[in-house]
Amino acid sequence: MNILLVISIIFSVTSISYYIYAASYAGPTSSFLWFWLFMFVGFVILSVIIVKDKKYHYIEKIPRFLKVICLIVVIVGITVFGVMEVLIIKDMRAVADSDREYVIVLGAQVRGTRITKSLRKRLDTALDYLEEHPDANVVCSGGQGRGEDLSEAEAMKNYLMEHGIAEKRIITEDKSRTTYENLKFTQQLIDKDAKIAIVTNNFHVHRAVHLAKTLGYQNVQGMAAPSDNHLLPNYMVREAIALFKEYLVR
C-alpha cells in the first residue's frame with residue numbers, strides 16, 4: 001500500500017477519534033475542537049485522491065514546480081509547528097522564585113458565576129504561592145464575556161477570598177478580553193518594574209511571558225498551573241498556532 005495513503009488514513013482516524021473523545025468529554029462546542037473535524041475531512045479527501053490517482057494519475061498532471069512549492073510549504077509548516085511546540089513545552093513546568101511582589105492570574109472562562117476547571121487550576125496554583133509568601137499581592141485579570149454573569153476578575157477575587165486571601169492583597173482588572181489585554185491593562189495597576197509571576201495553565205506560560213516582555217515588563221516569570229490532560233492535545237495545537245501568530249505580529 002502507498003505509504004502516503006497509510007499515513008493519511010492514520011491521521012484521519014486519529015483526528016476523528018480524538019474529536020469524538022474530546023467532544024464527549026467537554027462538549028462539541030468546546031474551543032478549537034472544529035480543528036480535528038477539519039483535519040479528518042482533509043485527510044479523507046487526500047486518501048480518496050491517492051486511491052483515485054492509481055487510475056486517473058492526478059498527481060502526475062501537476063506541474064513539477066507546484067509539487068516543489070507544496071513540498072516546501074509542508075516542510076516549513078512542520079518545522080515551524082515543531083519549534084513552537086518545543087518553546088511551549090520548555091516552560092510547561094515553570095516555577096516562580098520566592099521573591100515575587102505580584103502574582104498575576106490570567107482569566108479564563110466563567111460559566112455564569114461558576115469557576116471552570118481550567119481557571120480553578122490557575123487559582124489553586126496562585127493560592128499555594130500566596131499562602132507561602134504572605135508579602136505577595138495578587139492581580140485577578142479578566143473581563144466579562146458572553147455567558148458570564150460577572151467578570152472573571154470578580155469571580156477569581158471571590159474564590160481567593162473564600163480560601164483565606166485577604167481582600168487588601170487582591171487587585172482586580174476587569175476590562176480585558178485577551179491575554180495581551182490582561183497584561184496591558186494590568187500594567188496600569190502595578191509597577192511594571194516590580195517582580196512579577198504570571199500564573200496560567202502550563203501550555204500557556206511561554207506565550208504569556210513572551211507577551212509580558214513585549215509590553216515592557218522588566219522582571220517577569222511564569223508559574224505553570226496544571227491543565228486538563230483530556231484536552232491537552234487540543235490545547236497544544238491551538239497554542240502553537242497562537243504563539244506563531246504572536247511572534248509574527250509582536
Side-chain angles (χ1 to χ4, degrees), residues 4 7-8 10-19 21-23 25-26 30-43 46 68-96 104-109 116-119 121-122 125 141-142 176-184 186 196-217 220-250:
L4 186 58
I7 293 172
S8 183
I10 290 173
F11 273 97
S12 62
V13 171
T14 301
S15 297
I16 192 61
S17 297
Y18 181 72
Y19 173 80
Y21 171 76
Y25 174 77
S30 184
S31 176
F32 202 70
L33 281 188
W34 59 266
F35 171 82
W36 302 96
L37 278 180
F38 176 81
M39 289 285 286
F40 167 69
V41 172
F43 280 112
L46 178 60
V68 172
I69 290 173
C70 290
L71 180 61
I72 291 173
V73 169
V74 169
I75 292 173
V76 170
I78 292 173
T79 301
V80 170
F81 180 79
V83 170
M84 295 301 104
E85 291 294 348
V86 169
L87 291 174
I88 292 167
I89 291 169
K90 77 178 182 64
D91 285 333
M92 287 182 70
R93 297 192 179 192
V95 178
I104 302 173
V105 185
L106 302 183
Q109 185 183 27
T116 52
K117 291 179 182 179
S118 180
L119 186 52
K121 291 176 187 295
R122 300 182 188 189
T125 298
S141 179
S176 57
R177 303 294 293 272
T178 65
T179 301
Y180 181 79
E181 290 182 354
N182 287 147
L183 297 166
K184 182 178 180 180
T186 295
I196 295 163
I198 300 174
V199 181
T200 188
N201 300 103
N202 50 19
F203 61 87
H204 190 221
V205 170
H206 181 84
R207 181 158 64 98
V209 172
H210 167 72
L211 286 172
K213 290 178 178 178
T214 64
L215 283 165
Y217 285 80
V220 58
Q221 297 177 346
M223 190 187 303
S227 58
D228 191 328
N229 290 332
H230 297 280
L231 297 175
L232 189 57
N234 191 53
Y235 293 146
M236 293 293 285
V237 173
R238 183 185 68 185
E239 189 65 14
I241 295 170
L243 181 59
F244 177 63
K245 176 186 173 183
E246 295 296 351
Y247 273 114
L248 282 180
V249 301
R250 304 189 205 283

Do [X] and [Y] have side-chain heavy atoms sitting under 4.5 Å apart?
X: Val13; Y: Phe40; result: no
X: Tyr21; Y: His230; result: yes
X: Phe244; Y: Val80; result: yes
X: Tyr180; Y: Leu215; result: yes

Practice problem: Verify side chain to side chain donor-acceptor pair (under 3.5 Å) between Ser227 and Asn201, making sure each step is shown before the conclusion. | Solution: CA-CA 5 Å; Ser227 58; Asn201 300 103; 5.8 Å; no
Taking all non-hydrogen atoms of both residues into account, name the closest pair between [X] and [Y] and its distance.
X: Glu85; Y: Met236; result: OE2-O, 2.9 Å
X: Ala22; Y: Leu33; result: CB-CD2, 3.6 Å
X: Tyr217; Y: Leu183; result: OH-O, 2.5 Å
X: Thr125; Y: Pro226; result: OG1-CD, 3.6 Å
X: Ala225; Y: Lys121; result: CB-O, 3.5 Å
X: Ala108; Y: Leu119; result: O-CD2, 3.5 Å

Quiz prompt | Main-chain N/O of Leu4 paired to Ser8 side chain as donor or acceptor, under 3.5 Å | solution =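 Such a contact is absent between Ser8 side chain and Leu4 backbone.
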Quiz item: Is it true that a side-chain atom of Arg122 and a backbone atom of Gly107 form a donor plus acceptor pair closer than 3.5 Å?
Solution: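 Side chain of Arg122 to backbone of Gly107: a pair is present.
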Would you call the rings of [X] and [Y] parallel, tilted or perpendicular, where under 30° means parallel and over 60° means perpendicular?
X: Phe203; Y: Tyr235; answer: parallel
X: Phe11; Y: Phe43; answer: parallel
X: Phe35; Y: Phe32; answer: parallel

Quiz item: When you look at Ile198 and Val220, which way does the side chain to side chain contact (heavy atoms under 4.5 Å, CB included) test go after all the steps?
Solution: CA-CA 7 Å; Ile198 300 174; Val220 58; 3.5 Å; yes
Self-check item: Step-by-step side chain to side chain contact (heavy atoms under 4.5 Å, CB included) determination, Leu243 to Leu87
Solution: CA-CA 9 Å; Leu243 181 59; Leu87 291 174; 4.2 Å; yes
Quiz item: Counting only heavy atoms not in Lys117, do more than 12 sit closer than 6.0 Å to its NZ atom?
Solution: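 Counting neighbours around NZ of Lys117, 12 or fewer heavy atoms of other residues, nucleotides or ligands fall under 6.0 Å, so no.
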Exercise. Please test Leu37 against Val41 for side chain to side chain contact (heavy atoms under 4.5 Å, CB included), starting from the C-alpha separation and ending with a verdict.
Key: CA-CA 6 Å; Leu37 278 180; Val41 172; 5.5 Å; no
Quiz item: Salt bridge check: are Glu181 and Arg177 linked by an N-O gap of less than 4.0 Å?
Solution: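 Salt bridge absent between Glu181 and Arg177.
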Exercise. Begin from the C-alpha positions of His204 and Leu106 and carry the test side chain to side chain contact (heavy atoms under 4.5 Å, CB included) through to its verdict.
Key: CA-CA 10 Å; His204 190 221; Leu106 302 183; 3.7 Å; yes
